[in-house]
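Ligands are counted one by one from 1 in listed order, and the atoms in each one are counted from 1 as well. Only this structure's heavy atoms are used, side chains among them; waters, hydrogens and symmetry mates stay out.
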Amino acid sequence: MNPAFMVTALLLFQGASQAPAPQQTVLGSGTGFATPVHIINSHETGPTVLVIGGMHGNEPAGAEAASAIAHWTIERGRLIVIPRANIPALNAKTRRIPGLDGDEGDLNRHFPVDPEMEMQSEHADDLWSLIEEQKPDWVIDLHEGYDFKKLNPDSVGSTIISCDEPKAIAASALMLEAVNAARKEGSPSFLQLRHPVRGSLVRATCEQSVALGMILETTTKGQHVATRARQHRIMIHRLLEHLGMQPCDKDLLLPPVDATDELIHVALYDGPGASSAAFSTLLADDSRLLVRRLGPAAIQNGALERFDILIVPGGSGSRQGRGLGAAGREAIRDFVETGGSYVGACAGAYLGSVSYDWSLGIVDAKVIDRKHWKRGTGIVDVEWTDHGSEQAALGEGTHRIRYANGPILAPANRDDIQDYEVLGIYRGEIALNGAPTGVMPGTPAIVQGTWGDGRAILLSPHLESMKSDPEARANLLEYLQWLALISASKQGTGAGK
Ligand SMILES: [Zn+2]
């Protein structure tokens with residue numbers, strides 16, 4: 001090809017509309033608080049919005065939401081995101097910095113309103129310096145309360161606490177309208193509050209007239225992290241729209257999947273009927289994984305597109321299936337059909353089977369002895385099959401695995417679904433609450449099916465549980481790597497993914 005033509009073609013391909021590459025720096029480099037700062041630019045000048053998550057370590061939704069927002073694109077202005085502002089507290093899952101009490105340990109009490117006074121910690125000073133340097137027009141800090149303000153005046157859950165400035169009040173009214181429109185029927189509405197607490201970052205930015213500010217509070221009580229993180233995203237998204245920044249979709253959670261990306265993108269279902277804590281703990285220890293929690297609304301809105309694997313954990317299969325709704329179940333089927341992997345454990349295995357009007361029907365497996373589904377909990381022996389051991393991933397031998405009312409599986413013999421392969425077999429048995437003995441031993445504990453271009457794996461017991469053999473837990477993590485490597489996306493052929 002003519003070199004001059006090549007240059008032109010390249011410029012055309014890149015196009016004027018393509019946003020400048022996002023930048024990443026580190027705040028507090030060399031300290032225990034070192035944390036990434038994402039700067040998202042656009043071609044058009046406009047407002048700069050700073051979003052901060054994870055200031056308090058026991059409020060996970062803010063960090064979860066900001067980690068997703070860090071991958072958003074905008075058409076105007078600048079977006080700066082610090083997803084995990086307080087890493088020591090986030091790692092300890094505590095409000096305060098480990099080892100420090102009272103306001104000394106509370107990072108969001110380190111910002112004095114008086115410009116003559118010093119910041120109360122080195123990390124607060126670093127955060128403040130970043131604000132002075134980047135000069136955002138808006139500072140939005142993501143937090144969570146323990147109860148709904150509307151029901152319990154002692155908590156600030158489900159509120160926007162805004163600077164007492166007309167512009168900020170007007171913007172927060174729009175954000176409240178958006179988040180309230182999306183909330184579950186019957187759940188208490190978000191309320192407008194003013195006057196952020198003294199010592200908070202947002203109070204300082206307001207009082208020192210550095211920027212307009214808001215604290216966005218969700219409510220931890222009785223709500224999944226995925227639900228709360230989506231509420232944060234809806235509010236930020238509405239603000240960016242209001243400011244004319246033209247953000248991408250609010251359910252964009254990850255950078256695009258591509259063949260050069262070495263991280264495995266894992267979606268962990270966190271909605272009705274899901275208990276995601278054990279998987280969350282297991283996955284958090286593996287730095288090769290990029291994990292996001294998502295619920296039915298995001299799945300229905302196409303959020304799975306950028307993931308390699310969807311994990312549906314234990315809980316209640318019927319509540320999961322019904323909570324996902326027909327649209328959510330169809331989105332999962334499409335995800336697997338186009339090359340994604342489905343891993344369903346216990347309730348998630350019931351969900352993947354063909355047996356119920358709420359199940360996905362992506363593995364040719366039916367649930368037997370359904371009458372005695374509540375056959376009890378305990379530790380049971382599972383033997384990896386030759387097929388299981390051949391897959392470098394799954395290892396070999398017999399393992400002690402946590403069991404909790406998981407499905408007893410058998411071939412469904414459906415013509416429209418390929419037969420599954422058995423990776424693990426129950427050797428032991430649990431038969432309580434009137435369940436007959438002799439049913440469980442010899443049945444498949446782990447099966448791997450094919451659905452379209454993707455794989456669907458049903459785990460009847462809880463390999464992910466802390467009570468399971470540590471080697472089996474490690475095997476499961478290796479198996480996830482293997483699944484992602486054989487998936488279309490990591491081979492660069494992931495059309496539509
Ligand atoms: Zn907080």
Side-chain angles (χ1 to χ4, degrees), residues 27 33 35 50-69 81-113 119-121 123-124 127-128 131 138-163 168 172 175-176 179 188 190-207 213-236 239 293:
L27 183 75
F33 290 85
T35 194
L50 171 63
V51 175
I52 298 170
M55 189 87 94
H56 288 141
N58 61 342
E59 300 170 12
E64 178 96 16
S67 298
I69 293 166
V81 188
I82 306 174
R84 294 166 61 78
N86 189 351
I87 293 219
L90 282 164
N91 287 344
K93 297 186 166 69
T94 54
R95 177 181 177 88
R96 292 185 171 78
I97 300 158
L100 297 175
D101 299 324
D103 283 355
E104 201 190 343
D106 189 336
L107 179 58
N108 208 28
R109 298 295 181 274
H110 290 187
F111 302 89
V113 292
M119 296 295 147
Q120 300 298 297
S121 64
H123 190 52
L127 265 166
W128 194 256
I131 289 173
W138 296 78
V139 173
I140 314 293
D141 194 10
L142 307 181
H143 285 258
E144 304 205 78
Y146 65 88
D147 202 354
F148 299 94
K149 178 73 176 175
K150 193 162 187 177
L151 304 181
N152 178 354
D154 292 340
S155 181
V156 290
S158 296
T159 63
I160 295 180
I161 311 167
S162 161
C163 274
S172 55
M175 295 156 72
L176 287 167
V179 74
F190 279 68
L191 304 176
Q192 168 85 68
L193 299 178
R194 299 178 195 198
H195 311 296
V197 63
R198 278 183 84 84
S200 66
L201 172 66
V202 166
R203 175 72 171 257
T205 56
C206 294
E207 293 226 357
M214 293 177 196
I215 301 175
L216 310 186
E217 299 269 1
T218 56
T219 299
T220 55
K221 188 179 180 178
Q223 302 194 101
H224 291 273
V225 174
T227 305
R228 289 134 53 191
R230 189 165 196 265
Q231 290 171 336
H232 280 312
R233 297 200 306 274
I234 288 171
M235 290 187 274
I236 299 283
L239 175 67
R293 281 175 274 199

Engineer: So which protein N/O/S atoms does the Zn ion (ligand 1) have within less than 2.8 Å?
Structural biologist: His56 ND1, Glu59 OE1, Glu59 OE2, His143 ND1
Engineer: Can you sort out the partners of His232 under ring pair (Phe, Tyr, Trp, His ring centres under 6.0 Å), two or more places apart, ordered by chain and number?
Structural biologist: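 Result, ring pair (Phe, Tyr, Trp, His ring centres under 6.0 Å) vs His232: none returned.
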Engineer: Checking His110 now: which residues fulfil ring pair (Phe, Tyr, Trp, His ring centres under 6.0 Å) with it, not counting sequence neighbours?
Structural biologist: none
Engineer: Taking salt bridge (charged side-chain N to carboxylate O under 4.0 Å, His left out) as the cut-off, I'd like each qualifying pair that reaches into residues 82-94, sequence neighbours left out, listed once.
Structural biologist: none
Engineer: Below 30° counts as parallel, above 60° as perpendicular, anything between as tilted: where do the rings of His143 and His56 land?
Structural biologist: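 Taking His56 first and then His143, their aromatic rings stand perpendicular (interplane angle over 60°).
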Engineer: Go through the side-chain N and O atoms of Thr220 and Glu144 and say whether any donor and acceptor fall under 3.5 Å apart.
Structural biologist: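 The criterion, which ignores hydrogens and geometry beyond distance, is not satisfied for Glu144 and Thr220.
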Engineer: So that I can tick it off, tell me whether Arg109 and Glu104 are bridged by a salt bridge, with the cut-off set at under 4.0 angstrom between side-chain N and carboxylate O.
Structural biologist: no
